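As structure tokens, the structure follows; a few thoughts come after it.
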Amino acid sequence: MLKVENLQVNYGNVNALKGVSLHIEQGEVVTLIGSNGAGKSTLLKTISGLIRPKSGSITFQGEDITRLSPDVIVARGIAHVPEGRRIFTNMTVMENLKIGAYQRRDKDQLKADYEEVFSLFPILRDRAEQMAGTLSGGEQQMLALSRALLSKPKLLLLDEPSLGLAPVMVDTVFDVIDQVRKSGITILLVEQNAHLALESSKRAYVLETGEIKLSGDSQALMEDSRIVEAYLG
Ligand code: ATP
């Protein structure tokens, strides 16, 4: 479904990605782990068109999307929930959700999708007219995820969804990720919480200083001494 080949990204003279290749098959949850500054967010931003790579290619459903603009990439079916959530704090919950759906033309289906989001997260219905900035961190994460789901993605890019959340909220977010996967959406998950991320995914890649250092079955990686030492210890 997604194929990233030899992707190189520079910020000035910082080589953030040094030839990254990976692939994601339809229906998979694939995890990307790596320490701070490894290039995880840069990879997601490049896939969603926010950053132009120096070289390499990104193919989605058989088509080259490497240099398309972010709005075109969303329309193709890739939604990105950025680190730190990036909701519009001075707009209401409902206004934030509408932004997620702004390219949708299938108004009847959209109504059903709002209902689905509200059944996943009833709190968002209760708070629909409240300013998004007044939601708790966990509620803001739910809003960011819901906003992405309303673009009706085929592939969801999740950047650190558990960051800064209380443990009970982390469980809720991961339960939702599981439900989203069961609904048929493919997921690329970036997570600091390597244990949880490996448990929730089928395969994983380990990114270190801009290069893929290890990859494979998540279960097998959980037992790999290099992973245990660096990420699970
Ligand atoms: P974290 O887990 O800390 O969010 P990350 O793996 O997501 O880290 P990136 O944010 O992708 O890492 O950063 C990769 C490298 O690129 C880092 O060395 C970072 O300092 C650098 N970098 C990221 N954004 C910029 C930018 N806008 N300008 C210059 N350097 C940047």
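The structure presented is a predicted model; accordingly, all values stated were derived computationally and were not measured. Note that ligands are numbered from 1 as they come in the structure, with each ligand's atoms numbered from 1 the same way.
Under 3.5 Å, the side chains of E191 and T31 contain no donor-acceptor pair of N or O atoms.
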Compile the donor-acceptor pairs under 3.5 Å between side chains in residues 72-84 and protein atoms, sequence neighbours left out, one pair per line.
| residue | atom | partner | partner atom | Å |
| --- | --- | --- | --- | --- |
| R76 | NH1 | E63 | OE1 | 3.2 |
| H80 | ND1 | S48 | OG | 2.9 |
| E83 | OE1 | S41 | OG | 3.2 |

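Rounded to the nearest 0.5 Å, atoms CD1 (I227) and CG (L214) are 5.0 Å apart.
Y205 places no side-chain N or O within donor-acceptor distance of the main-chain N or O of G34, the cut-off being under 3.5 Å.
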(request) Applying side chain to side chain contact (heavy atoms under 4.5 Å, CB included), run through M91 and I99 and close with a yes or a no. (result) CA-CA 10 Å; M91 293 169 74; I99 287 169; 3.5 Å; yes

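Between K111 and D108 no salt bridge is recorded (no basic side-chain N to carboxylate O distance below 4.0 Å).
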Per-pair distances, ligand 1 N/O vs protein N/O, less than 3.5 Å:
| residue | atom | partner | partner atom | Å |
| --- | --- | --- | --- | --- |
| ligand 1 | 2 (O) | N36 | OD1 | 3.4 |
| ligand 1 | 2 (O) | K40 | NZ | 2.8 |
| ligand 1 | 2 (O) | Q192 | NE2 | 3.2 |
| ligand 1 | 3 (O) | N36 | OD1 | 3.1 |
| ligand 1 | 3 (O) | G37 | N | 3.4 |
| ligand 1 | 4 (O) | E83 | OE1 | 3.2 |
| ligand 1 | 6 (O) | A38 | N | 3.1 |
| ligand 1 | 6 (O) | G39 | N | 2.9 |
| ligand 1 | 6 (O) | K40 | N | 2.8 |
| ligand 1 | 6 (O) | K40 | NZ | 2.8 |
| ligand 1 | 7 (O) | S41 | N | 2.8 |
| ligand 1 | 7 (O) | S41 | OG | 2.8 |
| ligand 1 | 8 (O) | G37 | N | 2.8 |
| ligand 1 | 11 (O) | T42 | N | 2.9 |
| ligand 1 | 11 (O) | T42 | OG1 | 2.5 |
| ligand 1 | 12 (O) | G39 | N | 3.2 |

